[in-house]
Every structure is written in C-alpha cells, then in structure tokens.
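Notes follow once the structure below has been shown.
Values below: every heavy atom of this structure, side chains too, minus hydrogens, waters and symmetry copies.
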Amino acid sequence: MYELDEHTPYRHARYQSTPLPLIQRGLAFHEAGHTVLGQLAGFTCELVRVHPITRDGFTGWTGATTWARSFGTYLDVAVVCGAAGQAADLHQLAEAGRLTSETARLCTAEHDKQMALSILAAAGVQVTETGPAPDGGLAWDDVMATARQRVEREWDRITAVAEALLAAPGFTLTGTQAAQIAGITTA
C-alpha cells in the first residue's frame, strides 16, 4: 500500500488568508488528478480522501490517495505520483479564473515530486530537471507537460471525482466509487 500526499498540512502560514472551502476544493482536485490519471494508467486505487490533520498542535488539511498496486511505464509513475495533483489543482484554478503567480506557487507539490523521484531512483531511473532526458530516463519538464496534457484530456472525469469527493461523507471515496464516478472500468 502506498499513500500519496500524506504530507505537511496544507493550511500553514502561506495559506492563512485562504478560505477553508477553497483549500478543500484545491485538495479535492489535486487528489482527483492522482486518482483518475492513476486508474487510467492501470493503478489500483483503494481510497482517496481530503481530511484534517494535526501536527505539533496545529490543525490543517491534506489529502491522500492510497494504492494497492500500480502498473504502467516509468513516465506513468512520474505523472501519477509526482505531477498529476499539481496539474489538476492548477487547471481548476485557471477554470475558476483564480490562477495567478501567487496561487500557482501555492499549488507546488514538491512532496509529490520527491516521492516520484524516490520511486524512480529505487528503480534505477535517472531524471533531469530540464532539458533532454538521459538514456532510459526522464526529464521532469516533460513529465509536467505530459501531466498537463492528460489532465486537460481527462478534465471532465477529474471534475466529477473532485465534486463527488467534496460531497462525500468525510470527504472520502473508495477507489471503486471514484472509478464508477469517472466512468473508468477497472480490472
């Protein structure tokens, strides 16, 4: 089992002026991006959720997508684990007319990227930040471009899962529920 996005609470000093419903909405789209693109790539999602978390006496919000197993190419792993959430969050801000350099900066998901880089490094895959990919490796700017393209193509599915997640009891969906909502047939 792997959990994506179980990280530092989303609401800390840089988010203090952001209303809680907007934080929850951003997290729902972030997690829906991971979930939809992952399921389309053959990953098996067990659970997706947005929830409050308390660390060091501070309560904030975060999200998690739990996978039972994953398949696909190294590019799929990089896109799903490292870039899909951020790409979906940025897309929903643009759709809502709220994308600015400041809101884009708030969406940066360095924790996702670092998790993907760790998974890829363990598999012996080299990743460059920019420029051409090394032989058998990946370039992170290509990973982000691919994530943006996939998010654009699957936007209706991502939106459906995000809206359902926001309406679900406890902001939680099973992977089966998410796949049904998105119209994805899982094995």
Polar side-chain atom of [X] near backbone of [Y] as donor-acceptor pair, under 3.5 Å:
X: Gln39; Y: Gly175; value: yes
X: Gln86; Y: Ala83; value: no
X: Thr174; Y: Leu47; value: no
X: Thr100; Y: Glu102; value: yes

Heavy-atom pair of closest approach, residues [X] and [Y]:
X: Ala164; Y: Ile181; result: CB-CD1, 3.4 Å
X: Val125; Y: Gly137; result: CG1-CA, 4.0 Å
X: Ala147; Y: Ala84; result: CB-N, 4.3 Å
X: Ile119; Y: Cys81; result: CD1-SG, 4.2 Å
X: Ala41; Y: Val80; result: CB-CG2, 4.4 Å

Could you check whether any side-chain heavy atom of [X] comes within less than 4.5 Å of a side-chain heavy atom of [Y], counting everything from C-beta outward?
X: Thr146; Y: Leu75; answer: yes
X: Leu22; Y: Arg98; answer: yes
X: Glu129; Y: Asp141; answer: no
X: Asp112; Y: His34; answer: yes
X: Trp155; Y: Gln92; answer: yes
X: Thr172; Y: Val48; answer: no
X: Thr128; Y: Trp140; answer: no
X: Leu173; Y: Gln180; answer: no

* Linked, directly or transitively: Leu90 and Val79 (ILVMFWY side chains, under 4.5 Å) ->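 Different clusters.
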* Asked: Do Val36 and Leu93 share a hydrophobic cluster (ILVMFWY, side-chain heavy atoms under 4.5 Å, transitive)?
  ->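 Different clusters.
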* With sequence neighbours left out, what residues match Arg25 under salt bridge (Lys or Arg N to Asp or Glu O under 4.0 Å)? ->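 Arg25 satisfies salt bridge (Lys or Arg N to Asp or Glu O under 4.0 Å) with Glu163 once adjacent residues are dropped.
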* Asked: Between the side chains of Thr65 and Glu31, is a donor N or O closer than 3.5 angstrom to an acceptor N or O?
  ->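 Yes, side-chain donor-acceptor contact under 3.5 Å.
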* Asked: ring pair (Phe, Tyr, Trp, His ring centres under 6.0 Å) with Phe171: which residues, sequence neighbours excluded?
  ->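 Counting only residues at least two positions away or on another chain, Phe171 forms a ring pair (Phe, Tyr, Trp, His ring centres under 6.0 Å) with Trp61.
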